[in-house]
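Just follow the structure's listing: the first ligand is 1, and inside any ligand the first atom is 1. Side chains included, hydrogens not; waters and symmetry mates left out as well; all remaining heavy atoms used.
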Amino acid sequence: MAFYKNVSNISVYLLNSPFGNLICLRLRIIMRYCSQDMMRTREVQERNVSAYFPKGKVVFFATGNFHKFDEARRVLAEFKIATAMLRVKTIEIQDDSIENIAKTSAIDALRKTGLPLIVEDAGLFIEALNGFPGPYSSYVYRTLGTRGILKLMDKESQREAYFLSVVAFSSPKRLRPICFQGKVEGTITHKERGKKGFGFDPIFEPLGANEKTFAEMEAEQKNEYSHRAQALRKFASWYSK
Ligand code: ITT
């Protein structure tokens, strides 16, 4: 369950939990401070942000994808980190490297919000297609979709593929993002299976999961295997220190 708040010009989705209310209250205070001219210096903003959203306790996830947020907040809760979804439009550059895409979006999101945040970029790399769609996964999903991929793979017997995820963190104290990677190997199925999850989940079967696709798993089970959960666990161990 989530609820929605509009604070300043940034939309935030929060979980219906005591954490949610707390984050929202603090966000309102921060926004008020930051909009007063005398408080606008970076030093003051930095101090306010780290006082209200201490490292290791709270992080904002800048994404437009609610499924990604839902997966992430479950993983981060394992580390007692509260997560809020920030719906802020960020630059998504075209690049062969998922890491560069994530870093650029994180810098842009930080510039627009001044909050400690993560951005995550992911892609599906199919070996028989020389890594396609990879960093172009978002565009390919919107244009060809899962059925288009199955068509491209129609006569293909080599069906190995992997998902790669990069989580980039930046904050007023860390203008240059720090990145964490996760990868899950698996195969592309012959037809779509399952209704859960999102994106290419119905056609991706991770290795060692009893031939279930991600779309046949609950979020908790997907998080045992997924590229995103692996990258987030690396981030969370670093962030909690
Ligand atoms: P952002 O707002 O966070 O950018 P997005 O949906 O655009 O969300 P990405 O750019 O990270 O997400 O991912 C590109 C595409 O790759 C995405 O649209 C999905 O189709 C696919 N994808 C990424 N992670 C996936 C996953 O865990 N399961 C299935 N498909 C995934």
Colleague: Could you walk me through whether Y162 and H227 pass the side-chain contact (heavy atoms from CB on, under 4.5 Å) check?
Modeller: CA-CA 9 Å; Y162 62 90; H227 49 309; over 6 Å; no
Colleague: Between K112 (side chain only) and V88 (backbone N and O only), is there a donor and an acceptor less than 3.5 Å apart?
Modeller: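 No, because the side chain of K112 does not come within donor-acceptor range (under 3.5 Å) of the backbone of V88.
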Colleague: Looking at E205 and R159, is any side-chain nitrogen of the basic one under 4.0 Å from a carboxylate oxygen of the acidic one?
Modeller: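 Here R159 does not pair with E205 in a salt bridge, since their nearest N and O are not under 4.0 Å apart.
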Colleague: Measuring from each atom of ligand 1, which residues have a heavy atom under 4.0 Å away?
Modeller: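 For ligand 1, the contacting residues are T63, G64, N65, K68, E92, E120, D121, A122, S137, S138, Y141, F163, F198, G199, F200, D201, K222, H227, R228.
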Colleague: Are D154 and K151 close enough for a salt bridge, meaning some N to O gap below 4.0 Å?
Modeller: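 K151 and D154: not salt-bridged.
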Colleague: Enter the distance from F214:CZ to R193:CZ here, rounded to the nearest 0.5 Å.
Modeller: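 So the gap between those two atoms works out to 13.0 Å.
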Colleague: Has E220 got more than 12 heavy atoms of other residues, nucleotides or ligands less than 6.0 Å from its CD?
Modeller: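 Counting other residues, nucleotides and ligands, CD of E220 exceeds 12 neighbours.
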